[in-house]
> 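This is the structure I want to talk about, given as structure tokens.
Note that the numbering runs from 1 along the sequence shown for the chain.
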Amino acid sequence: MQATHVLACLGLLVLAHDAVAGPKDQAKKHLAAATRAHGDGKYDVALTELQAAYKLDPQPELLYAIGQVYAKLGECDEAKAHYDRVLAKNTDPAAGPAVQDA
């Protein structure tokens, strides 16, 4: 009985930590999941995780990654649209040529 209470308390602590974790922390979790999925060739899962990460922490690098996954999925129009969004939001002129090459 005691062990059940301890496990329940630990579970509540984990849930409380997740509730307190900020959007950037949650975005990092989605990014890690996207990286694993991409490595496993599960591009549809990677795309979903990257989109979730972008909603939580809209970084241009995530748009580029989303574009790359769309390209892997053969959805070139979507890939180009995301590359164009990267270029529109880009503040680093050195990154422009890499995005245009993609």
> So, for Ala37 and Ala46, which heavy atoms are closest and what is the spacing to 0.1 Å?
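Closest approach of Ala37 to Ala46: CB-N, 3.7 Å.
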
> Where do Ala79 and Ala71 come nearest, in terms of heavy atoms and distance?
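Distance-wise, the nearest heavy atoms are CB-N, 3.8 Å.
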
> First locate atom CG of Leu73, then atom CD of Glu78, and finally report the distance between them rounded to the nearest 0.5 Å.
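Rounded to the nearest 0.5 Å, the CG-CD separation comes out at 10.5 Å.
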
> Is the shortest heavy-atom distance from the side chain of Lys72 to the side chain of His38 under 4.5 Å?
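When only atoms from C-beta onward are counted, His38 and Lys72 do touch, with a gap below 4.5 Å.
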
> Hey, what do you get for NZ (Lys89) to CD (Gln59), rounding to the nearest 0.5 Å?
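Between Lys89 NZ and Gln59 CD, I get 9.5 Å after rounding to 0.5 Å.
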
> At what distance, to the nearest 0.5 angstrom, does CG of Leu56 lie from CG of Leu62?
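Reported to 0.5 Å precision, the distance equals 10.0 Å.
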
> So Glu49 and Lys42, do their side chains get closer than 4.5 Å, heavy atoms only?
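They are not in contact (no side-chain heavy atoms under 4.5 Å apart), so the answer is no.
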
> Walk me through it: do Asp25 and Lys29 pass the test salt bridge (charged side-chain N to carboxylate O under 4.0 Å, His left out)?
CA-CA 7 Å; Asp25 292 332; Lys29 289 179 184 178; over 6 Å; no

> Calculate, to the nearest 0.5 Å, the distance between atoms NZ and OG1 belonging to Lys28 and Thr35 respectively.
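One gets 13.0 Å once the value is rounded to the nearest 0.5 Å.
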
> To the nearest 0.5 Å, what is the distance between CD on Gln68 and CG on Leu50?
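Answer for the CD-CG pair, Gln68 versus Leu50, is 10.5 Å.
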
> Parallel, tilted or perpendicular: which fits the ring planes of His82 and Tyr70, with parallel below 30° and perpendicular above 60°?
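Tilted: the ring planes of His82 and Tyr70 meet at 30° to 60°.
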
> Can you see which heavy atom on Pro60 is nearest to which on Val86, and at what distance?
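Closest heavy-atom pair between Pro60 and Val86: O-CG2, 3.5 Å.
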
> For atom CG of Asp77, is the number of surrounding heavy atoms from other residues, nucleotides or ligands below 6.0 Å larger than 12?
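No, not enclosed.
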
